[in-house]
Amino acid sequence: MNSYLLFKFNTAPYSWLLTGSIILLTGMIIFLLVAPRLINKRALQFEHLFNEYPIPMWIYEKSTMRFLSVNTAASAKYGYSKKEFLEQLTIKDLRNTEDVPLLLENAAERCCSGEYRGIWKHRKKDGSNFFTEIYSLPAIYFGKDARFIMSKDVDAEVKANREAHELGMRYELLAKATNDAVYDKNLVTNAVTWNHGLSDLFHYNNADDADLVEWWQANIHTADYFRIMASLERCKKENLNYWSEEYRFKCADGGYKYVVDRAFIMYENGQPYRMIGMIQDIDRHVKQARLLEEQNKTLREIAWINSHEIRRPVVSILGITDLFDKSNQNGDFNSQLMAWLHESTRQLDDIIHKIEHKVKSLQ
């Protein structure tokens, strides 16, 4: 039409109209030729990024749960080839059988929404399991309603957290099960946490003491204080993990109990930062041991009396009886012997009373 107008009306306005039309047409042709190449190049860049990304990723169809695309990291992590992923598997094959119902329930709830993030247990081709954190987004893939998935391995972190939780539970159960005073001391800030044993053993209310480290030091018997402090400092200076000492600790009523304090000290860069320990009441055992020691001492004294002191008057009595004049012709001599016999008998009686006194002290 422009050509017709140009030849029909060879005037300036129509010439400009023809020129503009030719330029516009040329631009459209160039765009139609170049745009697909640019789009394909950009798509190839995204596809390369998807395939070479170091974290496992895939796209699956929501209705069938079949894989539409997987990257190289997913194939390496789970042990399946890309062909197996795309032709044989669904996302259910990455779960243990007992976890599939929960997966279906979660997919029904979450797939209709937008972004999703959660931790799941996945299974590899060899049957081994590991924990992974899932990032999920809705996507349209070649016209199909799909979900984009990124799977980050967090197995080590989950197991470490579980182990820490179990250790914490064991500590709590131990603290509740024992009557001993269990403490957890921060050696940097001097903050201390005690269990119920503090009040059970020594009848203190730990909430009444702001600085429990100074409180603990102040209640150590003065005769034991410097020995205990020196022992603890020596242990920390030599980076020893285990520390144990016996000392006397002051109770709320002002009396003292013998205790044994055992602790484990943790270090970081050669500096102690945490001390977990247990104070056990051994007062009854120490006093029983001392009582047994006193009884043994008394028994040794009784044995010595039997072997030495009793023998002396007994020997005297036997000798005197042999000297008696049985014909009774020498009355003065017999009278003297009777006096000696009486004295020896009195000595023997004193010794017997002495033994009786010591025997009573054992009771």
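For clarity, every value in this text was computed on a predicted model and none was experimentally measured. Quick note: residue numbers are just sequence positions, from 1.
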Under the rule for salt bridge (Lys or Arg N to Asp or Glu O under 4.0 Å), what residues qualify as partners of Glu84, not counting sequence neighbours?
Lys125
Between Asp126 and Ser128, what is the shortest heavy-atom contact and its length?
OD1-OG, 2.6 Å
Is the closest side-chain heavy-atom distance between Arg248 and Ile220 below 4.5 Å?
no
Hey, is the main chain of Trp215 close enough, under 3.5 Å, to the side chain of Asn219 for a donor-acceptor pair?
yes
Centres of the Phe264 and Tyr242 rings: under 6.0 Å?
yes
Would you mind reporting whether Ser75 and Val70 have side-chain heavy atoms less than 4.5 Å apart?
no
Going from CD1 on Ile59 to NZ on Lys144, what distance comes out if it is rounded to the nearest 0.5 angstrom?
11.5 Å
Using a 4.5 Å cut-off on heavy atoms from C-beta on, say whether the side chain of Asp184 contacts that of Val192.
no
Can you give me the closest heavy-atom contact between Glu246 and Ile228, atom names plus distance?
O-CD1, 3.9 Å
Do the rings of Trp216 and Tyr247 sit parallel, tilted or perpendicular, given the 30° and 60° boundaries?
perpendicular
Between Arg66 (side chain) and Glu87 (backbone), is there a donor-acceptor pair under 3.5 Å?
yes
Does atom NZ (Lys236) have a neighbourhood of more than 12 heavy atoms from anything else shown, all under 6.0 Å?
yes
Going only through I, L, V, M, F, W and Y residues with side-chain contacts under 4.5 Å, is there a path from Leu240 to Met266?
no
Centroid-centroid under 6.0 Å between Tyr60 and Phe67 rings
no
Ignoring hydrogens and geometry, is there a side-chain-to-backbone donor-acceptor pair from Asn106 to Leu103 under 3.5 Å?
no
Taking atom NZ of Lys82 as the centre, report whether more than 12 heavy atoms of other residues, nucleotides or ligands fall under 6.0 Å from it.
yes
Quick check against the 3.5 Å criterion: does Thr72 have a side-chain atom that pairs as donor or acceptor with the backbone of Glu52?
no
Evaluate Arg147 against Ser136 for side chain to side chain donor-acceptor pair (under 3.5 Å), listing each step before the verdict.
CA-CA 7 Å; Arg147 298 286 294 187; Ser136 175; 2.9 Å; yes
Pro272 and side chain to side chain contact (heavy atoms under 4.5 Å, CB included): which single residue from Leu187, Leu232, Val188 fits?
Leu187
Check: Asn71 side chain, Ala74 main-chain N or O, donor-acceptor pair, under 3.5 Å
yes
Run the numbers on Asp261 and Tyr183 for side-chain contact (heavy atoms from CB on, under 4.5 Å), then give the verdict.
CA-CA 10 Å; Asp261 194 341; Tyr183 60 87; 2.8 Å; yes
Report yes if the side chains of Arg262 and Glu245 come closer than 4.5 Å at any heavy-atom pair, otherwise no.
no
What one should report as the nearest heavy-atom pair of Ile279 and Val259 is CG2-CB, 3.7 Å
Start with the C-alpha gap between Gln88 and Tyr80, add the side-chain angles, then the distance that decides, and say whether side-chain contact (heavy atoms from CB on, under 4.5 Å) holds.
CA-CA 10 Å; Gln88 302 176 18; Tyr80 295 102; over 6 Å; no
Rounded to the nearest 0.5 Å, how far does NZ of Lys257 lie from NZ of Lys250?
15.0 Å
Could you go step by step and tell me if Tyr273 and Tyr267 meet the ring pair (Phe, Tyr, Trp, His ring centres under 6.0 Å) rule?
CA-CA 6 Å; Tyr273 73 93; Tyr267 299 85; 8.2 Å; no
Six-ring centre of Trp120, Arg95 cation under 6.0 angstrom, axis tolerance 45°:
yes
With Ala218, which residues qualify under side-chain contact (heavy atoms from CB on, under 4.5 Å), at least two apart?
none
Would a 4.5 Å heavy-atom cut-off, applied to side chains only, mark Leu94 and Phe85 as touching?
yes
What do the steps show when you test Thr132 against Asp155 for side-chain contact (heavy atoms from CB on, under 4.5 Å), and what is the final call?
CA-CA 6 Å; Thr132 181; Asp155 193 62; over 6 Å; no
With a 4.5 Å limit on heavy-atom distance, are the side chains of Asp99 and Lys121 in contact?
yes
Out of curiosity, does Leu104 fall in the hydrophobic cluster containing Leu89 (side-chain heavy atoms, cut-off under 4.5 Å, transitive links)?
yes
Rounded distance [0.5 Å steps], SG in Cys251 versus CG in Asp283:
7.5 Å
Spacing of Asn239 atom CG and Gln271 atom CD [to the nearest 0.5 Å]:
7.5 Å
Quick check: closest heavy atoms across Thr64 and Glu61, and the distance to 0.1 Å?
OG1-OE1, 3.0 Å
Looking at Phe130, I'd like to know if the NZ or CZ of Lys77 sits under 6.0 Å from its six-membered ring centre while staying within 45 degrees of the ring's axis.
yes
For Lys124, I'd like to know if atom NZ has over 12 heavy atoms of other residues, nucleotides or ligands within 6.0 Å.
yes
When rounded to the nearest 0.5 angstrom, what distance separates NE2 in His122 from CD1 in Ile91?
8.0 Å
When rounded to the nearest 0.5 angstrom, what distance separates CZ in Arg162 from CD in Glu157?
13.0 Å
Please check if Phe148 and Ile140 belong to a single hydrophobic cluster, counting links between Ile, Leu, Val, Met, Phe, Trp and Tyr side chain heavy atoms closer than 4.5 Å.
no
Minimal heavy-atom distance between Pro54 and Ala73, with the atoms involved, is O-CB, 3.4 Å
Can the ring centres of Tyr141 and Trp58 be said to be less than 6.0 Å apart?
no
Remaining members of the apolar cluster that contains Ile119, side-chain heavy atoms under 4.5 Å:
Phe131, Val154, Val158
Within the structure provided, determine whether Ser151 and Tyr78 are in side-chain contact (heavy-atom separation under 4.5 Å).
yes
Connected via hydrophobic side-chain network under 4.5 Å: Tyr256 and Ile282
no
Could you please spell out the steps behind the side chain to side chain donor-acceptor pair (under 3.5 Å) verdict for Ser231 and Trp243?
CA-CA 8 Å; Ser231 172; Trp243 177 77; 3.0 Å; yes
Side chain proximity check, Ile265 to Cys235, heavy atoms < 4.5 angstrom:
yes
Arg274 atom CZ, neighbour heavy-atom count above 12 within 6.0 Å:
no
